[in-house]
Amino acid sequence: MPDPIVLNTDGPHSPEYTRDVGNALAEAVRVLNYATLGDAPGLDNPGDAYSLLGALYTALDRFPQLLDQVGRFLKTQAASGRIGDTGGRGAVIQAGMAAALLEDAGSRIGSASWQLHLAQNDITGLYVKESPDA
């Protein structure tokens, strides 16, 4: 079993650590998919859904910055001549196209985050009744 990932914004940062944290994020979403599937015990009441939605929109709020930084990294690397393109289109062009797509994705994620926030607001008053007939 691999070592657990310690999340620390102060680092130490490395390409391996960055990749491992990205993989952990993907696996976290997979775990949440299973935890909320059908009768899985991952949600018991509307308050659980409320808390989960809050965590999810907070996570999504952070994605535009991340995607922008990846795009800027690619453009800087290409402009410096440090990277090439095996497809023959040119690293500067490909990095620029990728950065534009990442910017668009960040914008769309921002919209999705807002929708999660609104969904959370919509369930603010939901609760579990003492009896289904009440």
Side-chain angles (χ1 to χ4, degrees):
M1 175 177 234
D3 291 335
I5 295 174
V6 176
L7 300 176
N8 187 348
T9 56
D10 293 329
H13 298 289
S14 69
E16 294 80 15
Y17 179 71
T18 302
R19 181 190 61 241
D20 289 347
V21 171
N23 287 333
L25 174 62
E27 189 63 15
V29 173
R30 181 173 175 255
V31 168
L32 289 172
N33 286 340
Y34 277 88
T36 58
L37 179 66
D39 292 334
L43 298 173
D44 185 51
N45 62 65
D48 299 333
Y50 182 91
S51 295
L52 177 60
L53 289 175
L56 294 176
Y57 82 68
T58 298
L60 289 185
D61 280 347
R62 296 173 179 168
F63 266 84
Q65 177 183 350
L66 172 62
L67 298 178
D68 177 65
Q69 290 170 182
V70 171
R72 281 190 285 126
F73 166 79
L74 292 169
K75 286 170 55 174
T76 299
Q77 292 289 297
S80 74
R82 185 167 186 250
I83 60 176
D85 173 32
T86 61
R89 295 164 293 228
V92 172
I93 291 171
Q94 291 308 110
M97 289 173 47
L101 290 167
L102 292 171
E103 182 179 346
D104 184 55
S107 175
R108 292 171 190 266
I109 288 171
S111 176
S113 174
W114 179 243
Q115 290 182 3
L116 291 179
H117 180 72
L118 293 175
Q120 185 193 40
N121 284 343
D122 283 344
I123 65 171
T124 298
L126 298 181
Y127 65 96
V128 176
K129 297 192 279 184
E130 290 183 31
S131 87
D133 298 328

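No hydrogens, no waters, no symmetry mates; every other heavy atom, side chains included, goes into these values. Quick note: residue numbers are just sequence positions, from 1.
Heavy-atom minimum distance, Ala91 versus Ala78: O-CB, 3.5 Å. Residues His13 and Asp10 approach most closely at NE2-C, 3.7 Å, considering heavy atoms. Scanning all heavy atoms of the two residues, the minimum distance from Ala98 to Leu74 falls at CB-CD1, 4.2 Å.
Residues satisfying the side-chain hydrogen bond (donor to acceptor under 3.5 Å, both in side chains) criterion with Arg62, sequence neighbours excluded, are absent altogether. Partners of Gln77 by side-chain contact (heavy atoms from CB on, under 4.5 Å), not counting sequence neighbours, listed by chain and number: Phe73, Arg82, Ile83. Asn45 pairs by the side-chain contact (heavy atoms from CB on, under 4.5 Å) definition with Asp48, Val128, not counting sequence neighbours. By the side-chain contact (heavy atoms from CB on, under 4.5 Å) test, Ser14 is found to be paired with Glu16, Tyr17, residues two or more places apart in sequence or in another chain being considered. Looking at residues two or more places apart in sequence or on another chain, you find a side-chain contact (heavy atoms from CB on, under 4.5 Å) between Arg108 and Asp104.
Hydrophobic clustering (side-chain heavy atoms under 4.5 Å, transitive across Ile, Leu, Val, Met, Phe, Trp, Tyr) groups Leu116 together with Leu66. Leu43 and Tyr50 fall within the same hydrophobic cluster, defined by Ile, Leu, Val, Met, Phe, Trp and Tyr side-chain heavy atoms under 4.5 Å apart, directly or through other members. Note: the hydrophobic cluster containing Ile93 does not contain Leu102 (ILVMFWY, side chain heavy atoms under 4.5 Å, direct or indirect links).
Trp114 belongs to a hydrophobic cluster whose other members, connected by ILVMFWY side-chain contacts under 4.5 Å either directly or through intermediates, are Leu118. Counting side-chain heavy-atom gaps under 4.5 Å among Ile, Leu, Val, Met, Phe, Trp and Tyr, Leu37 is found in no cluster with other residues. Grouping Ile, Leu, Val, Met, Phe, Trp and Tyr by side-chain contacts under 4.5 Å, direct or through others, leaves Tyr127 on its own.
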Ignoring hydrogens and angles, write down the donor-acceptor pairs under 3.5 Å from the side chains of residues 27-36, residues two or more places apart or on other chains.
unit_1	atom_1	unit_2	atom_2	d
Glu27	OE2	Arg30	NH1	2.8
Thr36	OG1	Leu32	O	2.8

Scan the side chains in residues 53-61 for donor-acceptor partners under 3.5 Å anywhere in the protein, sequence neighbours excluded, and list what turns up.
unit_1	atom_1	unit_2	atom_2	d
Tyr57	OH	His117	ND1	3.2
Thr58	OG1	Gly54	O	2.8
Asp61	OD1	Ser113	OG	2.4

Derivation and outcome, side chain to side chain contact (heavy atoms under 4.5 Å, CB included), residues Val21 and Leu7: CA-CA 8 Å; Val21 171; Leu7 300 176; 4.0 Å; yes

Side chain to side chain contact (heavy atoms under 4.5 Å, CB included), that's the test. Do Thr124 and Gln120 meet it? Break it down for me. CA-CA 6 Å; Thr124 298; Gln120 185 193 40; 5.6 Å; no

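Within the 4.5 Å cutoff, side-chain heavy atoms of Leu67 are placed close to those of Ile109.
Applying the salt bridge (charged side-chain N to carboxylate O under 4.0 Å, His left out) test to every pair with at least one member in residues 51-60, sequence neighbours left out, gives no pairs at all. Applying the ring pair (Phe, Tyr, Trp, His ring centres under 6.0 Å) test to residues at least two apart or on different chains, none of the pairs has a partner in residues 83-107.
Applying the 6.0 Å contact sphere to CD of Glu103 captures no more than 12 heavy atoms from other residues, nucleotides or ligands.
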